Asks: 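Let me begin by handing over the structure; questions about it come next.
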Amino acid sequence: MARVETSSSRPYHLVIFGASGFTGQYVVEEVARTASEGPRGNLKWAVAGRSKQKLEKVLEQAAGVLDKPELRSEVDIIVADVGEPDSLAAMCKQAVIVLNCVGPYRFYGEPVVKACVENGSHHIDISGEPQFLEGMQLNYSSQAAEKGVYIIGSCGFDSIPADMGVLYTRDQFKGTLSAVESFLTVGSGDDGGCIHDGTWQSAIYGFSDSQKLQSLRRKFNHKPLPAVGSKLKRRGNMFFSNEIQQYTVPFMGSDPSVVKRTQRFVVEEHHAKPVQYGAYAGIGGIGNVAKLMFAGMMFWILVKFSFGRNLLIKHPEFFSFGLFSKAGPTRKQMEESSFQLAFYGEGYTEGQDPSQGKPNGKIRTLVQGPECGYVATPIAIVQAALTILNEPTALPKTGGVYTPGAAFAKTTLTDRLNKHGDTFCIFFLLNHKLISFCTCVCVCGRAFLACQLNILIALFFICHIQTKLLS
């Protein structure tokens with residue numbers, strides 16, 4: 001069982017590392033907003049980073065946004081730097097859980113994981129970088145298990161909605177679910193939207209380093225997962241989706257990698273049948289397709305060379321047509337954005353033999369919520385942390401490096417997300433006929449809007465630049 005008690009030597013339930021970063025500042029606000037959900041209604045937390053002045057500014061900002069002036073004086077500040085191992089050790093010794101918001105994780109993530117394992121602090125991050133996530137599993141899972149430490153990656157929009165969504169779909173299906181495909185669509189308001197360039201940098205480095213991920217995966221020496229029923233066929237690189245009525249490309253973020261790791265855990269630890277998974281993202285109409293192909297080709301050429309990567313990193317707004325920026329989205333843009341992740345599953349209903357014939361049952365589930373990167377992500381990581389603190393007995397019996405699905409399958413994380421901005425709902429189909437459904441309303445209270453071109457291109461970049469990473 002996870003150790004979640006504070007003590008005189010470990011005074012904080014949570015320490016937000018990288019609290020002054022673009023995403024970190026919103027995680028600070030979300031922790032302050034939900035502090036009453038901590039153990040026995042009391043959450044002890046602190047912020048950490050390289051600059052005390054910047055951390056003070058973040059607390060000042062949060063105090064103003066939330067009308068909580070007490071944040072200025074009641075939240076402690078810890079100065080810690082990825083480049084100074086002693087400072088990381090001192091930080092981890094004081095925390096039950098470190099919420100790591102410092103990326104790109106391929107450069108800055110491992111020292112924090114190492115410090116957490118060595119000093120007995122659980123670790124949660126919001127990484128969408130498969131090479132980092134799988135590398136931490138390979139290098140630290142055994143040590144974490146020995147220490148009773150839980151290292152749980154990809155606890156933001158990458159990849160809690162997808163990973164928990166697949167498990168949710170499986171649990172709602174009456175029978176044996178064999179395969180699921182997900183389709184992501186994103187909405188924005190009149191002001192459009194953009195993404196902070198930290199994500200842009202992670203994507204650039206991830207694509208340029210793709211061969212290392214293939215080498216890393218071979219070290220696991222995994223056997224292929226068994227398929228239930230017929231094998232799920234991967235669709236084309238671009239196709240018109242009847243499910244979401246627009247052109248669609250494979251979603252090549254961390255979701256496929258994370259879901260597959262969870263399904264392997266399901267097979268190896270619970271001896272259950274795995275669910276096959278395919279992930280896709282909508283890009284709109286034929287006009288968008290032509291624009292995306294041009295933008296993708298330019299990126300593809302530049303990212304192959306060091307000088308090209310330097311240009312991409314120095315000028316994110318120019319090369320992404322304003323979709324990525326060093327300033328990031330405005331609060332108004334974030335407030336007006338939302339996402340839908342639709343899951344289409346098929347399987348064998350109760351009493352049917354999966355080894356005989358084709359699947360005879362279908363199910364559709366839906367996860368929807370607020371803006372992906374800086375609203376849904378802080379909600380997800382904070383609720384993941386609160387789940388550990390409040391439900392330690394529902395976690396896997398031993399520590400280790402886990403995916404969200406592996407760590408939280410038996411917890412109430414889905415229910416917690418339902419209350420805070422992500423809605424899970426179900427539509428059952430049998431023999432292609434709708435037999436029952438639940439109607440859900442987006443918790444954020446905003447109507448889902450058609451994707452605008454800027455968000456679509458941003459999604460395309462995230463998907464396209466990691467094609468080799470997740471093949």
Side-chain angles (χ1 to χ4, degrees), residues 22-27 29-30 33 61-62 64-67 126 128 156-158 160-162 182-200 241 244-249 251 253 280-289 291-292 295 316-318 320-342 366-381 417-425 439-463:
F22 191 82
T23 306
Q25 64 183 318
Y26 296 109
V27 175
E29 292 178 14
E30 187 62 23
R33 193 179 287 116
Q61 175 181 280
V65 170
L66 302 175
D67 194 23
I126 50 176
F157 179 75
D158 295 313
I160 279 183
S182 68
F183 296 85
L184 173 66
T185 50
V186 177
S188 63
D190 294 338
D191 288 353
C194 68
I195 301 175
H196 188 260
D197 80 325
T199 302
W200 174 257
S241 167
I244 57 176
Q245 291 297 300
Q246 58 183 279
Y247 283 94
T248 305
V249 296
F251 182 75
Y280 303 94
I283 59 172
I286 190 65
N288 290 345
V289 170
K291 295 174 183 178
L292 295 176
E317 294 184 57
F318 177 80
S320 69
F321 302 96
L323 305 174
F324 291 86
S325 74
K326 294 184 181 297
T330 65
R331 286 184 182 268
K332 187 174 186 294
Q333 287 174 323
M334 289 187 281
E335 289 170 358
E336 294 179 347
S337 298
S338 56
F339 78 89
Q340 285 192 342
L341 189 60
L366 182 69
V367 180
Q368 61 183 16
E371 189 274 338
C372 304
Y374 314 107
V375 181
T377 286
I379 290 171
I381 189 174
L417 293 172
N418 276 335
K419 296 175 182 177
H420 287 276
D422 289 344
T423 301
F424 290 70
C425 61
T439 302
C440 69
V441 179
C442 183
V443 173
C444 59
R446 294 184 293 271
F448 183 77
L449 303 173
C451 292
Q452 291 189 348
L453 176 59
N454 51 6
I455 297 295
L456 294 173
I457 296 177
L459 277 173
F460 175 81
F461 274 119
I462 295 171
C463 298

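Here the structure is a predicted model, which is why all the values come from computation and not from measurement. Residues: numbered from 1 along the sequence shown.
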Asks: Compare all side-chain heavy atoms of Arg33 with those of Leu66 and state whether any distance is below 4.5 angstrom.
Replies: yes
Asks: Can you tell me if Gln246 uses its side chain to pair, donor with acceptor, with the backbone of Ile283 under 3.5 Å?
Replies: yes
Asks: Minimum heavy-atom separation for Phe183 and Ser241, please, with both atom names.
Replies: CE2-OG, 3.5 Å
Asks: Charged N to carboxylate O under 4.0 angstrom, Glu336 versus Lys332?
Replies: yes
Asks: Taking all atoms of both residues into account, what is the closest heavy-atom pair of Glu371 and Met334, and its distance?
Replies: CB-O, 3.4 Å
Asks: Would you mind reporting whether Leu366 and Gln340 have side-chain heavy atoms less than 4.5 Å apart?
Replies: yes
Asks: Of all the heavy-atom pairs spanning Gly156 and Pro161, show the shortest one and how long it is.
Replies: O-CD, 3.6 Å
Asks: Measuring from atom OG1 of Thr185 to atom CZ of Phe339, what distance do you get when rounded to the nearest 0.5 angstrom?
Replies: 9.5 Å
Asks: Would you give the length of the straight line joining atom CD1 of Ile379 to atom CG of Leu417, rounded to the nearest 0.5 angstrom?
Replies: 8.0 Å
Asks: Donor-acceptor pair, Thr377 side chain versus Phe157 backbone, under 3.5 Å?
Replies: yes
Asks: Mind checking whether Arg331 and Val65 have side chains closer than 4.5 Å, heavy atoms only?
Replies: yes
Asks: Of all heavy-atom pairs between Pro378 and Gly373, which one has the smallest distance, and what is that distance?
Replies: CD-O, 4.0 Å
Asks: Measuring only between side-chain heavy atoms, which start at C-beta, is Ile381 closer than 4.5 Å to Val27?
Replies: yes
Asks: Report the distance from atom CZ of Phe251 to atom CG of Leu184, rounding to the nearest 0.5 Å.
Replies: 6.0 Å
Asks: Mind checking the SG-CG spacing from Cys372 to Asp158? Nearest 0.5 Å is all I need.
Replies: 9.0 Å
Asks: What's the shortest heavy-atom distance between Gly328 and Phe22, and which atoms?
Replies: CA-CZ, 3.8 Å
Asks: Less than 4.5 Å apart, side chain to side chain, heavy atoms only: is that true for Ser188 and Ser337?
Replies: yes
Asks: Measure the acute angle between the ring planes of Tyr374 and Tyr26, then classify it against the limits of 30° and 60° as parallel, tilted or perpendicular.
Replies: tilted
